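For reference, the structure discussed in these notes is given below.
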Amino acid sequence: MNKIWIEKYRPGNLDGIVGQKVNVEKLRSFVRTGDLPHMIFAGPAGTGKTTAAMAMAIELFGESWKENFLELNASNNRGINVIRGHEDREGRMDGMVSVKDYARIMPSNARGFKIIFLDEADQLTQEAQAALRRTMEIYSSTTRFIFSCNYSSQIIPPIQSRCVVLRFRPISDAEVAEHILTIAKEESMELSRESAEAVADISGGDMRAAINLLQAVQYSGDHSPSKIYEIAGTAEIKEFDRALILALEHMDFKKASEVVDRLVIDRGLSGIDIVRGLHAAIRKSDIEPLKKTEAFMAIADAEFRLVEGGSDKIQLDYLVSRLVRIGSNFN
Amino acid sequence: MTWAEKYRATRISELIISPEILKTMVSWMNRWKSGDVAKKGMILYGDPGTGKTTALSVISREVGFQLIEMNSSDRRNAEQMKLVAKMGGLYRDLFSMDDTHGGPDKLILVDEADNIFEGRSTDTGGDTGGIRALAEIVQETHNPIALTMNEYYDFRRKSSAQAIIENCEVLDFRPYTRRRTREYSAYIARVRERINQILETEKVKLSQEAIDLAIERNEPDLRAILNDLESLRHLSDAPEDDMELWDRDSPGSVYDIIDQTFRSRNYGKILQALRNKDFDTDDYIMWIDQNLPDMEVETTKIDRPFALLAYSDWLKNQVFRKQHFAFKNLAEEVSAGVGFAVNRLNEHYFKYQFPQYIRDRARIKGSGMGRRNVSEKVGRMVHLSTRRAGDMLWLMEMMRRHDKKGFTELAEKLYLTPQEISSL
């Protein structure tokens with residue numbers, strides 16, 4: 001049995017999917033007719049996109065589903081190589097199967113097609129998406145594509161136009177809580193309804209986050225709602241708050257940037273992670289509106305530079321120095 | 001002269017092209033020489049910078065042709081075409097000696113034939129009738145005629161293009177047909193060899209990373225590879241393991257230049273010192289970053305010098321991203337000005353520090369990679385990207401602390417190495 005609960009409790013069929021009634025019905029009808037359009041699964045994290053794709057593959061292909069279902073994560077490899085194939089500098093294969101290679105293989109099932117599931121497809125570069133368009137056409141007789149993404153708008157229009165879009169909504173708190181209680185029972189874990197509701201509340205419709213949190217709660221031994229809130233408030237969030245206070249209130253550049261550096265060096269966060277963490281910290285802080293607005297501008301600039309390829313350390317230092325300045329302007 | 005021009009191949013042995021293509025080109029020209037012509041023309045199409053024009057000029061010379069070139073900087077309307085063709089010997093006159101030499105002695109090259117613009121006015125191209133004239137020429141020519149182009153499929157759609165294609169041998173001019181093949185490895189090896197020869201001749205040292213990056217970004221465009229590398233010639237490397245090298249205090253050393261950057265009031269002098277520096281712009285920016293907080297007394301206004309530094313960092317990163325090399329100098333110039341933006345200088349500070357960030361990163365390289373590897377392995381198990389699976393490391397840590405048996409089983413299943421486990 002898998003030690004990681006999100007895997008252990010991943011449903012193996014469409015019936016087991018929680019909170020996506022309309023989508024599940026549609027998918028079931030595709031399974032019934034035995035044919036599939038290309039699809040886009042759009043929706044926030046933890047709403048069942050990957051699970052739905054896998055469950056459908058299992059229902060369509062039975063035992064041979066693994067041979068007929070290729071899962072690729074665009075975020076691990078965002079470039080055009082994920083489509084066309086890639087080899088290292090000596091010309092050796094790097095072990096990664098490209099979309100094109102896989103699409104060429106004939107399906108090994110009676111349905112006559114196989115599925116390529118491209119997770120986080122919105123992370124693909126424009127070039128990669130453009131390259132995909134042609135591949136979709138060439139191999140459409142034997143391959144169905146499912147793109148998973150947070151926002152369908154990040155998929156280029158020519159691909160969108162070839163796909164049926166299924167929107168996955170955040171799962172309702174009631175459904176999350178219900179499911180959490182079921183898992184707790186399976187694990188012989190004593191959990192009150194209030195605690196399950198606390199887990200649901202923190203997770204915001206993200207079932208993966210909810211189950212991860214539940215597993216952590218089990219380790220802690222204390223299953224009370226207050227403990228659950230404490231576990232969820234991870235160390236990192238506190239560090240972001242600290243960096244923000246050091247910059248905006250103490251106006252201490254060196255100390256604030258030291259906190260940020262430690263998050264990068266010791267916790268392995270990327271520049272973008274830091275910017276987003278600070279962003280969240282600013283958003284929930286109760287500083288005056290104009291200060292807040294200016295801080296958001298600094299955040300936006302930093303995010304833009306980092307996305308455009310600036311280096312983490314320098315851009316983060318500049319961001320912190322701006323927060324210090326914003327703090328001092330209002331004192 | 002750019003490296004790409006200076007080191008253009010001059011002999012067949014120097015061409016970095018597919019042996020298949022070479023064979024076809026040589027035999028096509030030889031057939032012209034021996035009077036056994038199958039196709040009168042040849043179309044070479046393919047990515048820019050792969051050596052189409054170079055191959056034609058080198059091979060034709062070795063086979064014994066004089067090359068007559070029409071490139072897209074010339075007007076190429078019907079009249080012009082015919083004029084050149086005439087020079088090439090299409091309409092042979094009495095004085096031509098070609099026959100006595102066994103075959104023609106001129107080869108006509110129509111470079112970038114996909115850029116013959118058929119518009120009537122000079123605004124829209126002014127190459128009126130160019131393609132039709134070309135079709136006629138290819139049909140009637142008594143000289144070999146070669147066309148190069150990037151966009152064969154666009155060209156094919158033009159009216160009259162079909163008549164040209166029918167009379168041409170069409171070659172997809174790729175240095176290799178597929179990646180992951182021996183052919184591809186051989187091609188990359190030759191590109192590397194050429195680069196190394198050039199660097200040696202130019203007495204320029206570049207890191208293997210820079211070379212790899214240039215190849216990766218540009219191949220099969222050899223011209224672009226060389227342009228990239230040439231743009232880097234003034235940036236020598238700062239190998240990470242050689243940190244000790246920094247601890248020299250000589251003119252041109254990083255200490256000296258950092259000191260000038262903060263203290264000199266002479267911008268021109270700082271820039272000049274930078275030109276002779278023996279370290280990379282990245283390191284220069286990192287050194288300023290490290291020492292700026294100690295140099296600026298008015299810490300709440302430190303955003304002013306940092307704004308310049310961050311901007312130059314951004315510029316520097318655009319050099320490769322946008323392939324816009326003008327940014328390289330601009331990045332240096334902006335970073336060299338940071339000292340002038342310092343509001344109040346700490347006059348007593350001279351002990352410039354090696355960038356802590358570089359040290360830390362070198363130190364944690366092992367463990368940082370460990371965490372990344374764990375994320376990747378976990379991600380594969382739970383169908384998440386490495387990035388997203390990073391959000392699960394805290395759960396792994398808790399599991400390790402509270403459920404030793406479970407964690408050991410999981411670690412085995414994921415094939416975690418001891419280093420990866422200890423990185424948690």
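Lettering follows sequence order; numbering is per chain, from 1. Please read all numbers here as calculations on a predicted model, not as lab measurements.
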Check whether B:Arg401 gets within reach of chain A through its side chain, its backbone, both or neither, counting any heavy atom under 4.5 Å.
neither
Does any backbone or side-chain atom of A:Asp119 lie under 4.5 Å from a heavy atom of chain B? Answer side chain, backbone, both or neither.
side chain
When you measure from the side chain of B:Asp313 to the backbone N and O of A:Ser311, does any donor-acceptor pair fall under 3.5 Å?
yes
Could you tell me whether a side-chain N or O of A:Ser203 sits under 3.5 Å from a main-chain N or O of A:Val199, the two making a donor and an acceptor?
yes
Chain B interface, residue from A:Lys313, A:Arg322, A:Gln315 that has the most non-hydrogen pairs under 4.5 Å
A:Lys313
Where on B:Glu376 is there a heavy atom nearer than 4.5 Å to chain A: the side chain, the backbone, both, or neither?
neither
Using atom types as modelled and distance alone, determine if a side-chain donor or acceptor of A:Asp312 lies under 3.5 Å from a backbone N or O of A:Gly271.
yes
Ring centres of A:Phe41 and A:Phe168 under 6.0 Å apart?
yes
Cut-off 4.5 Å, heavy atoms of chain A, and the answer for B:Met396 is side chain
What part of B:Met381 is in contact with chain A, defined as an atom under 4.5 angstrom from a non-hydrogen atom: side chain, backbone, both or neither?
both
Among the options B:Met398, B:Glu183, B:Gln318, B:Arg304, pick out the one with the most heavy-atom pairs lying under 4.5 Å from chain A.
B:Met398
In terms of heavy-atom pairs under 4.5 Å, which option from B:Glu296, B:Lys301, B:Arg182 contacts chain A the most?
B:Lys301
B:Leu393 portion near chain A, given a 4.5 angstrom heavy-atom threshold:
neither
Chain B shares the most heavy-atom pairs under 4.5 Å, among A:Gln215, A:Glu71, A:Glu120, with A:Glu120
Select, from B:Leu292, B:Ile215, B:Asp403, B:Leu384, the one with the greatest count of heavy-atom pairs under 4.5 Å involving chain A.
B:Leu384
Charged N to carboxylate O below 4.0 Å: is that the case for A:Glu187 and A:Lys8?
yes
Measure distances from A:Phe253 to the heavy atoms of chain B and classify the residue's part below 4.5 Å as side chain, backbone, both or neither.
side chain
Kindly check if the number of other-residue, nucleotide or ligand heavy atoms within 6.0 Å of OH (B:Tyr311) is above 12?
no
Just give me the residue among B:Asp289, B:Thr386, B:Leu309, B:Val378 that pairs up with chain A most often, heavy atom to heavy atom, under 4.5 Å.
B:Asp289
Ion pair present between B:Asp294 and A:Lys254, side-chain N to carboxylate O less than 4.0 angstrom?
yes
Is any side-chain N of the basic residue among A:Arg10 and A:Glu7 closer than 4.0 Å to the acidic one's carboxylate O?
yes
Between B:Lys328 (side chain) and B:Lys316 (backbone), is there a donor-acceptor pair under 3.5 Å?
no
Which atoms of B:Asp282 come close to chain A, meaning under 4.5 Å heavy atom to heavy atom: side chain ones, backbone ones, both, or neither?
neither
